[in-house]
Number of protein chains: 2
Amino acid sequence: MQRPYNERMVDSAHRTSRADQRRQTEARILAVARQVFSEYGYDRATIRAIASKAKVNPGLVIHYYGSKERLFAEATRTTPDEPIAGPPDQVAEQLLAALHAKLTEEPTATLAMLRSMLTHPEAAHGVREALRHQQRQISLGLSADDALLRTALTGAITLGVVVGRHLLQLDGLRDASPEQITDLLRPCLESLTRSPAEEPSAER
Amino acid sequence: MQRPYNERMVDSAHRTSRADQRRQTEARILAVARQVFSEYGYDRATIRAIASKAKVNPGLVIHYYGSKERLFAEATRTTPDEPIAGPPDQVAEQLLAALHAKLTEEPTATLAMLRSMLTHPEAAHGVREALRHQQRQISLGLSADDALLRTALTGAITLGVVVGRHLLQLDGLRDASPEQITDLLRPCLESLTRSPAEEPSAER
DNA sequence: GTCTATATTCAGATAGAC
DNA sequence: GTCTATCTGAATATAGAC
């Protein structure tokens, strides 16, 4: 019915070989897949919908990526976060900088993973691993014996804020500027990354 | 094949009328539905699996609840949280008490809703409404002009911690005691519910 | 009150034509 | 390189038997 993208471009330099054409189509499918997965999650995102938005046939998607599961794996592959390291008293600032970046623009691949983390085992595994990875880095710098819990909490807080803003679009979080948010969270993350000596245990 | 639960109990007091029998079966289905929904989320939880675990026929589930959608609505209906009110300087403690309760044992109905909040529109709506409801209560007590963002952050933090513990089961969060967690989060929530006058804006 | 049997819909995957 | 046509499986929902 509709004309597909399968005509070879005939530009003056007779470029775009069949291989190029294929790479382009493949890339277009992947980009659309990221977008659809991030919006609907793994189960509700259908190959058919992705193919339709990418203006190709459903069969072609499978032909390139093998299965929906493998397409999802490709679409959610991300480069690990910048390592958090340096002197302990700067860990909080680094976490805030990382959060600021996530609030400004989280890559679609990451959002696709986060969207499915509660209902798709592979996605859950990916998120757990990413957080574990960050936990290991930070825990090294903290001397406290409850370092693991402290870093887990910084991860949970970051997760809650990112999910609340980008996926749930909570009132007040959706519109606020990244600066406003990180400023308000500074005391939180500082208290969690401070060594126990500096933070006398509370009353009770 | 397997004997269903449809024999009337013939006890000495000739109790359990057909109506009673029905109520029991209905309640059993609902309890199982909560459990399955909370574990797999809306899409991957099937009527068939619920019926099987409840030892009834799939048709019966539909017969009682009309549709999967309505069964889910029933299964995720929750009583609203205890109201957060009182003097502003106690808001943080009340939030911590509420969090402590959620960490100790979150009702299965709530977990069922949370599990699906990122992939099922109705569940997302339910979570947003619950958070909005709490936001309104707390914002009243805060004088700050950024009260809405502050309360959104307390909600996001609570959400992140509860999800991280019960649904993602993050290392360090899964095992920690509720007291340990709330103690570490006390400075966080206090800083967010403190009025700006008491919390001088940071450097930079 | 509960079950059997089935209609219907839909999505992932396959085979082969163009 | 991309599409058409189809197979297969699974799940919700319905109708009526027992």
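Below, all heavy atoms of this structure are taken into account, side chains as well, without hydrogens, waters or symmetry copies. Residue numbers start from 1 in every chain, and the chains themselves are labelled A, B, ... in the order their sequence lines are given, proteins ahead of strands.
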For a quick test of your reading: what N or O donor-acceptor pairs under 3.5 Å do the side chains of residues 29-36 of chain A make, sequence neighbours left out?
residue	atom	partner	partner atom	Å
A/Arg34	NE	A/Ala75	O	3.0
A/Gln35	OE1	A/Lys53	NZ	3.0
A/Gln35	NE2	A/Glu39	OE1	3.1

What is the distance, rounded to the nearest whole Å, between atom [atom1] of [X] and atom [atom2] of [N]?
X: B/Ile50; N: D/dA11; atom1: CD1; atom2: C1'; answer: 12 Å
X: A/Phe37; N: C/dA11; atom1: CZ; atom2: P; answer: 13 Å
X: A/Ile29; N: D/dT2; atom1: CD1; atom2: P; answer: 8 Å
X: A/Tyr42; N: C/dA11; atom1: OH; atom2: P; answer: 13 Å
X: A/Tyr64; N: C/dG12; atom1: OH; atom2: P; answer: 19 Å
X: B/Lys55; N: C/dC3; atom1: NZ; atom2: P; answer: 12 Å
X: A/Arg23; N: D/dG1; atom1: CZ; atom2: C1'; answer: 13 Å

Any chance you could list the contact pattern along nucleotides 13-18 of chain C? Use B for base contacts, S for sugar-phosphate-only contacts and - for none, protein heavy atoms under 4.0 Å, 5' to 3'. SB----
Please check the phosphate of D/dG1 (OP1 and OP2 only) for any side-chain N or O of A/Gln24 closer than 4.0 Å.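 So the side-chain polar atoms of A/Gln24 never come under 4.0 Å of the phosphate oxygens OP1 or OP2 of D/dG1.
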A/Thr25 vs D/dT2: side-chain N/O to OP1/OP2 distance below 4.0 Å: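 Affirmative; the distance criterion is met.
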Once salt bridge (Lys or Arg N to Asp or Glu O under 4.0 Å) is applied, do any residues pair with B/Arg165, and if so which ones, sequence neighbours excluded? none
Which nucleotide in the set [options] lies at the smallest distance from any side-chain heavy atom of [X]?
X: B/Gln21; options: C/dT2, C/dG12, D/dC3; result: C/dT2
X: A/Arg18; options: C/dG1, D/dG1, D/dT2; result: D/dG1
X: B/Thr46; options: D/dC3, D/dA11, C/dA11; result: D/dA11

A quick test of your reading: do over 12 heavy atoms of other residues, nucleotides or ligands sit less than 6.0 Å from OH of A/Tyr40?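 Open.
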N/O donor-acceptor pairs under 3.5 Å from side chains in residues 97-104 of chain A, not counting sequence neighbours:
residue	atom	partner	partner atom	Å
A/His100	NE2	A/Glu179	OE2	2.8
A/Lys102	NZ	A/Asp81	OD2	2.6
A/Thr104	OG1	A/His100	O	2.8

Pick base, sugar-phosphate or nothing for A/Ala49, based on heavy-atom distances below 4.0 Å to the nucleic acid. nothing
Output every pair passing salt bridge (charged side-chain N to carboxylate O under 4.0 Å, His left out) with a member in residues 61-77 of chain A, not counting sequence neighbours, ordered by first then second residue.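 The answer is A/Glu74-A/Arg77.
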Could you pull out all residues at least two apart from A/Phe72 that satisfy ring-ring contact (aromatic ring centres under 6.0 Å, His included)?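 Residues passing ring-ring contact (aromatic ring centres under 6.0 Å, His included) with A/Phe72: A/Phe37, A/Tyr42, A/His120.
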Test A/Ser38 against every option in A/Leu114, A/Leu111, A/Thr76 by the side-chain contact (heavy atoms from CB on, under 4.5 Å) rule and name the one that passes.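 Passing option: A/Leu111.
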